[in-house]
Structure formats: C-alpha cells, structure tokens
Amino acid sequence: MTQVQTTNVAGLDTVCLTKDELADVMVKDCLFSRANKIAPKVVFSSNGQGISLNATDKSFANIMSQADMIHADGQSVVFASKLFTKKPLPDRIATTDFFHNAARKAQESGLTFFMLGASEEESKLACEKMRIKYPTLKIIGRRNGYFTKDQNQEIIDEINALKPDVLWVALGKPKQEFWCIEMRDKLDVGWIKTCGGLYAFLAGTAPRAPMWMQNLSLEWLFRVAKAPKRLGWRYMTTNPHALWLMITRSK
Ligand code: UDP
C-alpha cells in the first residue's frame, strides 16, 4: 500500500498530494488490493464543517482518526496550510473535481466503480451522465442512499457480489463517515471514498460555483445562496469555528 506525506491542518492529517497524484494512489492501492486480500482503504475529505465537527464531537473525531487518508476538499484548508504549517499542501482536492481525475485513471487502468448514495433520480442521472462522458469507465453498480439499518447487509451483499475497486459513498457528513468505518471490514472493495453532494454536480442538478469564488474559498457561500435553508445554518456555525481551529491547531 502506498504511504503518503501529510500535513496537519486544524487537527486533521491531510495528504500532501495533487488530484492526479491521489488518483494514481487510488489505482495502485486498488490493484494491490485485488492481488492481496486486505481491508479496503477509507479516504475522507476535510472542509470547514468536518474540521469543526472533528473538534466538537468525540465520536466523529474517533471515526476521522480511522481514515487511511484525508484530503483537502476546501480551498480554505489549503490557504491554512500555507499560512500556518511548515509543509503547505500542493493542491486543493475538491471531491467534485477529483472524481474526474479518478474516472480518467480508472478508464486507463480498468478499475471499476460502484456509486452509493443520493436520491434515486440523482443517482440514476449522475451515472447515466458519467457513462456518456467516460464511455469506457466501468460503473458496475449504483444504489440510492435512502435505506434503513436493516438493509445494510443487503447493500453489502449487492456490492460484494460485484467487487468494485472503488466504492463512492454519498450520504452527507457525518453519516457517510460513520457508515464507511462501520462497514469497511465487511466490504470486498479496494477503496471507499466519501463524496457528499457529488452526485448533484455530476447529474447537473446543482451548478458549480464560478472559478473566482472557488479560488477565494467562497464555494460554500455559493452553495448557501442556492440552498439557504438546508446549508445556511451549517456553514454560518461551522466556518468561524473552523477558521479559529485552522489558526490555533495547525502545525
Ligand atoms: N443523502 C443520502 N442519504 C441520506 C442523507 C443524504 O443519500 O440518508 C445524500 C443526499 O441526497 C445528498 C448527499 O447525501 O446527495 C449529501 O449532500 P450534501 O450537500 O449534504 O453533502 P456535502 O457535500 O455538503 O457533504
């Protein structure tokens, strides 16, 4: 398995990689995992909400500490690494962008994807669109993210029957992180990657913030403007706290 350098931003060890480098690690790990029966690697991401939760919720912090890798989903995490650590991160790895680096590398190397999460319509549309965009990408299965605990075993069986290399999990933070750690030892996959609101972007039901907002670390503001009821409180409470943690807890 590949070992990668990390830098600590606001309490989370965050990988010092670019998007393409992380996609290369994904390919190496998955090919290694196919040849050697080992537990899947769990890959999470770090943003303001996650940083804040990690400091306030012990059970979430415990789950985050069990990830094999955490990457910088938010631009602010990269800014903080430049200002407050000795080892700045080389790149922002927004999951929404990373999916495409991963898809291209998966096409080249023959890795397979299973897409779990989001509503039935969004899941279906996201997969349809990605099958058109990446004609030789093997999306071998998908399932919506609305299920009960009693259905977990059925979902595990469905995934294990297909043995995908990468399982993408979009159940929203923190539910998806808890689910991934609880299920990792039961899953016959190479990588488990959380992906939050990714499918809405892939399906085209949610527009992406303009590049200037992404570069200024304001993508969250664009998302709040689009869905103030759902996201307003989340970001208004977690962003100032995350900023404080970036200043005081990065090293
Ligand atoms: N979701 C799901 N099952 C649930 C709760 C949420 O599949 O029980 C999906 C939801 O439909 C959405 C994603 O999880 O597609 C979470 O999106 P959100 O924008 O909250 O994620 P973020 O990227 O902000 O973490």
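Counting convention: from 1, in listed order, for ligands and their atoms alike. Numbers for residues simply follow the sequence, beginning at 1.
Closest protein heavy atom to atom 10 (C) of ligand 1: Y146 OH, 3.4 Å. Counting only heavy atoms of the protein, atom 21 (O) of ligand 1 lies nearest to G197 N, 3.1 Å. Among protein heavy atoms, the minimum distance from atom 5 (C) of ligand 1 is reached at L171 O, 3.3 Å.
Below 4.0 Å from some heavy atom of R230 lie the following atoms of ligand 1, by number and element: 18 (P), 19 (O), 20 (O). Each of the following atoms of ligand 1 lies closer than 4.0 Å to a heavy atom of K175: 4 (C), 8 (O). Counting atoms of ligand 1 from 1 in the listed order, those under 4.0 Å from a heavy atom of G196 are 13 (C), 16 (C), 17 (O), 21 (O), 22 (P), 23 (O), 25 (O).
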Begin with the C-alpha distance, continue with both residues' side-chain angles, and end with the deciding distance and a verdict on side-chain contact (heavy atoms from CB on, under 4.5 Å) for R208 and D97. CA-CA 10 Å; R208 195 79 196 273; D97 298 322; 2.7 Å; yes
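Shortest non-hydrogen contact noted between S123 and A118 is N-CB, 4.5 Å.
Using 4.0 Å as the threshold, A170 has a heavy atom nearer than that to some atom of ligand 1.
Using a 4.5 Å cut-off on side-chain heavy atoms (C-beta onward), Q153 and E158 make no contact. In this structure, the side chains of I70 and M64 come closer than 4.5 Å at one or more pairs of heavy atoms. When side chains are defined from C-beta on, V43 does not count as touching D68, because their heavy atoms never get closer than 4.5 Å.
With distances taken over non-hydrogen atoms, the option nearest atom 16 (C) of ligand 1 out of A118, G117, G172 is G172.
Considering backbone and side-chain atoms alike, L231 places every N or O at 3.5 Å or more from each N or O of ligand 1. Residue Q49 has no nitrogen or oxygen atom sitting less than 3.5 Å from a nitrogen or oxygen atom of ligand 1, judged on distance alone.
D57 and S59 form a side-chain donor-acceptor contact under 3.5 Å, judged by distance and modelled atom types alone.
Residue contacts with ligand 1, taken as heavy atom pairs separated by less than 4.0 Å, involve R234 solely via side-chain atoms from C-beta onward.
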